[in-house]
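Let me begin by handing over the structure; questions about it come next.
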Amino acid sequence: MARPIAETPLLTGEDAVRFEKLRLEVENLSKEMRAENTRKLKEAVKKANKYITVCL
């Protein structure tokens, strides 16, 4: 039987301000900055995969 999905909590106060600030920073990234961030993330994942073993 499926479990009900809990409601997402509302952000208030400093958490809401920080979230909005970060959201605006992400929206203002140039294509070059996004590409650089993606490259860095892929590089970090590749490096982390050397230390992580996933067993299914």
Side-chain angles (χ1 to χ4, degrees):
M1 182 147 228
R3 287 187 257 158
I5 298 172
E7 289 185 34
T8 303
L10 296 176
L11 292 177
T12 58
E14 290 181 24
D15 289 333
V17 172
R18 188 178 78 243
F19 179 83
E20 182 65 13
K21 180 180 173 188
L22 291 173
R23 184 186 69 81
L24 291 173
E25 286 178 12
V26 170
E27 286 181 355
N28 291 331
L29 289 177
S30 68
K31 286 184 181 182
E32 293 82 17
M33 292 172 76
R34 286 180 193 268
E36 179 65 16
N37 287 346
T38 300
R39 186 194 64 75
K40 286 180 182 178
L41 178 61
K42 287 181 179 179
E43 187 176 295
V45 168
K46 193 175 189 180
K47 187 175 182 179
N49 279 338
K50 294 178 182 178
Y51 304 104
I52 299 171
T53 302
V54 178
C55 300
L56 300 175

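Note that the structure is predicted; figures quoted are calculated from it, not measured.
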Salt bridge (charged side-chain N to carboxylate O under 4.0 Å, His left out) contacts touching residues 2-17 (sequence neighbours left out)
Asp15-Arg18
Taking everything shown except Leu10 itself, do over 12 heavy atoms lie less than 6.0 Å from its CG?
no
For residues 48-55, tabulate all N or O donor-acceptor pairs below 3.5 Å that involve a side-chain atom, not counting sequence neighbours.
| unit_1 | atom_1 | unit_2 | atom_2 | d |
| --- | --- | --- | --- | --- |
| Asn49 | ND2 | Val45 | O | 3.4 |

Mind jotting down which residue pairs meet the side chain to side chain donor-acceptor pair (under 3.5 Å) criterion with at least one end in residues 32-48? Sequence neighbours excluded, please.
Ser30-Glu32, Glu36-Arg39, Arg39-Glu43
May I ask you to test the Glu20-Val17 pair for a side-chain heavy-atom distance under 4.5 Å?
no
